[in-house]
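One-based numbering, in listed order, for ligands and for the atoms of each. Reckoned from all heavy atoms, side chains included, excluding hydrogens, waters and symmetry mates.
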Amino acid sequence: MTSLGTASAAPGEIDTGRLTVGETRDGTTVGLPVAVINGATEGDTLYVQAASDGDELNGVGVVSRFVPRVDPAELAGTVLVTGIANYHAFQVAEHRNPIDDTKLNRAYPGDDRGSSSERIAHATFEAATRADMVIDLHQGSTSRMINEVRVRCGRHHRLHRKCLELAKVFDCGHILDQKGPEGQLARAAPDEGIPTIDPELGGCVGWDEESIEYGVTGLFNVLRHYGYLDGDHQPGPQTRAHAFDRYGAPAGGLVDYRVDLGDEVSRGDTLFRVVDPFGQVKAEITADNDGLFWRSRRLPQVATGEYVCSVGTTIDTY
Ligand SMILES: [Zn+2]
């Protein structure tokens with residue numbers, strides 16, 4: 001038997017249950033929805049989680065489509081899944097946990113006597129560190145963003161190559177290879193010797209079917225490449241960025257983009273203009289460096305200094 005919380009599956013079986021992480025304000029038990037897919041034959045363990053940020057729902061879409069499609073009779077090894085990690089934020093469709101106003105993905109490896117987010121981080125980190133590889137499904141929040149996979153351990157980490165390989169096998173076409181902030185699962189788990197990636201499945205409000213499909217396909221690519229399922233997956237070349245240039249609005253008004261997500265941009269190209277409500281151009285913003293148009297705000301209206309877009313820079317092919 002393999003268990004995660006109350007989910008317990010014998011070889012060749014799947015079970016779902018709850019992973020307890022304390023109580024709500026009315027005393028109700030908080031149980032994260034979890035699944036165990038126990039393969040009929042022995043093998044490695046993959047840990048997958050979704051909704052670390054409560055407004056990032058594409059990962060929930062991926063898990064809800066992926067789990068029913070994995071046949072434990074054909075699986076070698078085990079898949080452990082936390083379907084909704086940021087329980088409290090998910091309830092109110094917000095990014096951060098409203099109980100402690102914390103971003104869960106800054107709380108790893110967590111603390112079982114700490115804040116609400118630290119306790120969730122601790123419980124999910126215990127599950128994640130039972131695995132041989134970890135996939136933490138995110139998206140560019142409600143911004144518009146390309147589909148990409150993040151490697152967050154940093155290029156000097158001993159697991160960098162293995163994380164990068166996992167990112168390539170997931171095969172979204174784009175990789176961001178940049179050391180992440182403290183407290184990210186994709187930084188804490190590699191410190192425990194576990195290759196970890198953070199797929200960023202586009203960016204939307206609600207569900208984006210194309211991004212969800214990238215995620216489902218990515219998980220099956222991983223299962224096949226690493227021998228959990230028969231078959232193989234040979235990933236194609238990935239466009240890799242090592243950093244972002246972030247652009248804000250120099251004036252208030254409406255943003256008029258001159259490039260689309262995924263476009264290559266050269267230094268000096270116009271990225272966007274800010275126009276007034278009558279279409280008069282107030283400002284024109286050009287690229288500081290060559291790169292790839294990676295992410296942009298969703299709403300057109302901006303105040304001076306507000307975030308507008310990001311360009312991935314120092315691009316190569318991996
Ligand atoms: Zn996220």
Would you give me the side-chain donor-acceptor pairs under 3.5 Å for residues 181-189, sequence neighbours excluded?
| unit_1 | atom_1 | unit_2 | atom_2 | d |
| --- | --- | --- | --- | --- |
| Gln184 | OE1 | Arg152 | NE | 3.4 |
| Arg187 | NH1 | Gly180 | O | 2.9 |

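Figure legend: cation-pi geometry between Arg240 and Trp294 absent, as NZ or CZ is not positioned both under 6.0 Å from the six-membered ring centre and within 45° of its axis.
Hydrophobic side-chain contacts under 4.5 Å tie Leu159 to no other Ile, Leu, Val, Met, Phe, Trp or Tyr residue.
In summary, Glu56 places an N/O/S atom under 2.8 Å from the Zn ion (ligand 1), meeting the contact criterion. Taking backbone and side-chain atoms together, Asp53 has an N/O/S atom less than 2.8 Å away from the Zn ion (ligand 1). Not a single N/O/S atom of His95, whether from backbone or side chain, sits less than 2.8 Å from the Zn ion (ligand 1).
In His138, the N, O or S atom that comes nearest to the Zn ion (ligand 1) is ND1.
Note: Tyr214 and Phe170 fail the aromatic proximity criterion, with ring centroids not under 6.0 Å apart.
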